[in-house]
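Quick notes on the structure that follows.
Computed from heavy atoms alone, side chains included, the values below leave out hydrogens, waters and symmetry copies. If you're wondering where the values come from, they're calculated on a predicted model, not measured in any experiment. Atoms within a ligand are numbered from 1 in the order they appear, just like the ligands themselves.
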Amino acid sequence: MPVVRGKEIEVLFSASTIARRNLELAKEIASRDYHDLLVVSILKGSFIFAADLIRAMHDAGASPEVEFIFISSYGTGTVSGEVKVLRDIDNDVAGRDILLIDDILESGKTLKFTRELMLSRGARSVSIAVLLDKRTRRQTSVDADFVGFECPDYFVVGYGMDVAHAFRELPFVGVVKGDAAE
Ligand code: IMP
Ligand code: MG
């Protein structure tokens, strides 16, 4: 098991497994009849997935533009979360097909809010791609059009995702198991 910052990390999705799946997702995305596609990566958690997915999309023949929106959500599963835009996109979305990219779809509050924001600005369509889907935690009617993997209900880290700002740099998705033996 890899040890990072003195903690053992159990690998759930390896770097090569993710890379293979990204190619499949990219082909699916490129086969859709999108016009004037604008990818919107939701920060911070999706930055690595988005970076890999858009390059796989290029290989699959798609030519999207790319934007970033910084969204924060407060609250836990039991408390209704407040979702806010901390940094908005610069681009006009009116009349365009939008592909939102996020790391995890959990309650769905983040993606519901962001999708409605894009639609209220006149987007022609809004699709959603997520690396991981924690379906059992859903509290909204949001579903993703493109899902990398179904995710067991563990708190996961790596490949852009953090716990208390740590572990984003891991090239795989894993679960922190505890202190490594000396
Ligand atoms: P939702 O609004 O409840 O769907 O929350 C989704 C957001 O919560 C994701 O964009 C992640 O940033 C964060 N999140 C949810 N589960 C995890 C996890 O297991 N590890 C790290 N971040 C998570
Ligand atoms: Mg997030």
**Report entry** Short side-chain donor-acceptor distance under 3.5 Å, Ser125 and Tyr34
**Finding:**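 No, because no side-chain N or O of Tyr34 sits under 3.5 Å from a partner of the opposite role on Ser125.
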At a 4.0 Å threshold, what atoms of ligand 1 neighbour a non-hydrogen atom of [X]?
X: Ser107; answer: 1 (P), 2 (O), 3 (O), 4 (O)
X: Tyr154; answer: 19 (O)
X: Asp102; answer: 10 (O)

Query raised in the report: So, for Ser73 and Thr110, which heavy atoms are closest and what is the spacing to 0.1 Å?
Result: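 Closest pair (atom of Ser73, atom of Thr110, distance): OG-OG1, 3.8 Å.
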Requested in this report: Assign the ring pair Tyr159 / Phe49 to parallel, tilted or perpendicular, where the plane angle (0 to 90°) is split at 30° and 60°.
Outcome: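 Tilted.
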Query raised in the report: Any N or O on Asp162 sitting closer than 3.5 Å to an N or O of ligand 1?
Result: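 Not met; the criterion fails.
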Query - Heavy-atom gap Gly108 to ligand 1 smaller than 4.0 Å - result: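 True for this residue.
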Query raised in the report: Does ligand 1 have an atom that lies less than 4.0 angstrom from a heavy atom of Phe113?
Result: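 No, that is not the case, since the closest heavy atom of the residue is not under 4.0 Å from the ligand.
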Query raised in the report: Counting only heavy atoms, which portion of Val156 has something under 4.0 Å from ligand 1: side chain, backbone, both, or neither?
Result: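 The answer is both.
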Query raised in the report: Which residue, Leu12, Val156, Val147, Asp103, forms the side chain to side chain contact (heavy atoms under 4.5 Å, CB included) with Leu132?
Result: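 Only match with Leu132 under side chain to side chain contact (heavy atoms under 4.5 Å, CB included): Val156.
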Report task. From the options Glu106, Lys134, Arg137, select the one whose nearest heavy atom is closest to atom 19 (O) of ligand 1. Result ->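 Minimum heavy-atom distance to atom 19 (O) of ligand 1 goes to Lys134.
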Query raised in the report: For atom 9 (C) of ligand 1, which of Leu43, Leu131, Asp103, Ile71 has the closest heavy atom?
Result: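 The nearest heavy atom belongs to Asp103.
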Report task. Compute both the distance and the angle, then confirm whether Arg87 meets the cation-pi test with Phe68: under 6.0 Å from the six-membered ring centre, within 45 degrees of the axis. Result ->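 Relative to the ring axis of Phe68, which defines the angle, Arg87 lies outside at least one limit.
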**Report entry** SB check Asp88 Arg121 (cutoff 4.0 Å)
**Finding:**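 Looking at Arg121 together with Asp88, the answer is yes, because their closest N to O distance falls below 4.0 Å.
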Requested in this report: Quick one: do Arg138 and Asp133 satisfy salt bridge (Lys or Arg N to Asp or Glu O under 4.0 Å)? Show the steps, please.
Outcome: CA-CA 9 Å; Arg138 200 78 88 252; Asp133 189 354; 2.9 Å; yes
